[in-house]
J.: 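Let me begin by handing over the structure; questions about it come next.
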Amino acid sequence: MNDPNELAADAINALGTGREPAKDKTMTAQDQIKETVTGNDVVLFMKGTKAMPQCGFSSRVAGVLNFMGVEFADVNVLEDDAIRQGIKDYSDWPTVPQLYVKGEFVGGCDIVTEMTLSGELDQLFDDKGVTYDKDAAEKIREANS
Amino acid sequence: MAMEARQIEDLIRAAFPDAKVTITDLAGDGNHYAAEVIDESFRGQNRVQQQRAVYAALKGKMDGPAGELHALALTTKAPE
């Protein structure tokens, strides 16, 4: 959530310095993506947001992560064409959503779904030290067995 | 623009001549397919590597808003 006071401060700063607020426009999309995937333990590049996904595939992956109580950063590729194309180049993967854990590309919707049902996603989170609700993961598996 | 299941199968088969390829039209709209590809070359590769190879075979058909294929659910594995 953006704090309104912070936003106002940003805007005032920008007036004073001629800088753009919030985002440094000199960064390339690849730099931005790299910073996002290395600066957050779990990142989902998706269409829409985790609160309001705008594609069924994005919705499914965000739904799994939400249900498993995983804290993750969501990047809405529909808001930025440079990121939308850039993320495909970054991972050499042609589709969105894309899940990253500790800087590493895990997969898209099909892979994440398979890994959730097989328990491999739990294993990955265990290995990488990502907190999640194991009981919730079991519930997903029970519901889909 | 929609794509025929046959075209998808041909593209995959061109890259994986010995693979077992099964295409299912999920919605009947020529836009949402599931493809299962079972190929010996997948042995020892993780899913990301396997599916990257299949996407490469589809030569950009998945790409962007202009892509002919909106949705292809992929399952890849090596033969049992």
Side-chain angles (χ1 to χ4, degrees), chain A residues 29 37 43-48 53-61 64 76-124 127-128 144, chain B residues 1-3 7-8 11-12 14-16 19-39 42-80:
Chain A
V37 301
V43 185
L44 183 65
F45 289 82
M46 61 185 293
K47 292 180 179 171
Q54 291 183 45
C55 157
F57 302 96
S58 290
S59 175
R60 184 169 351 153
V61 178
V64 165
N76 181 2
V77 302
L78 297 179
E79 279 184 351
D80 189 335
D81 271 342
I83 298 292
R84 185 175 183 168
Q85 181 53 48
I87 194 61
K88 298 176 181 179
D89 300 333
Y90 185 82
S91 55
D92 187 22
W93 191 260
T95 57
V96 170
Q98 295 190 8
L99 178 67
Y100 293 78
V101 175
K102 298 265 171 150
E104 206 175 288
F105 175 54
V106 176
C109 180
D110 299 325
I111 290 179
V112 172
T113 302
E114 252 185 274
M115 289 177 73
T116 306
L117 297 179
S118 68
E120 287 164 276
L121 192 65
D122 300 38
Q123 188 64 50
L124 178 75
D127 291 347
K128 302 280 186 182
N144 287 281
Chain B
M1 195 169 94
M3 241 180 121
Q7 287 176 271
I8 301 170
L11 284 168
I12 294 175
F16 304 94
K20 183 169 181 288
V21 182
T22 315
I23 312 282
T24 315
D25 188 342
L26 296 174
D29 62 358
N31 239 333
H32 297 76
Y33 290 100
E36 187 187 55
V37 186
I38 303 173
D39 192 66
F42 292 151
R43 204 173 295 282
Q45 294 185 335
N46 66 32
R47 288 197 191 87
V48 169
Q49 292 165 329
Q50 294 171 355
Q51 298 192 14
R52 223 178 240 144
V54 176
Y55 285 136
L58 294 171
K59 300 187 175 82
K61 301 282 186 215
M62 299 287 297
D63 287 2
E68 293 163 56
L69 256 182
H70 170 66
L72 179 69
L74 270 184
T75 313
T76 47
K77 56 187 170 192
E80 301 281 335

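Just the heavy atoms: all of them, side chains too, but no hydrogens, waters or symmetry mates, feed the values below. Naming: A, B, ... by sequence-line order, numbering from 1 per chain. Predicted model, so just to flag it, every value in this text is computed and none were measured.
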J.: So, taking the atom named CD1 in A:I111 and the one named CG in B:L74, what distance separates them when rounded to the nearest 0.5 Å?
T.: 8.5 Å
J.: Give, as side chain, backbone, both or neither, the part of A:V106 having an atom under 4.5 angstrom from any heavy atom of chain B.
T.: backbone
J.: Looking only at heavy atoms, which two atoms of B:T75 and A:E114 are closest? And how far apart?
T.: CG2-OE1, 4.1 Å
J.: What's the spacing between B:Y55 OH and A:T95 OG1 if we round to 0.5 Å?
T.: 3.5 Å
J.: Determine the minimum heavy-atom distance between B:Q51 and A:W93, stating which atoms define it.
T.: CB-CH2, 3.3 Å
J.: When you compare the side chain of A:E120 with that of B:R47, does any pair of heavy atoms fall below 4.5 Å?
T.: yes
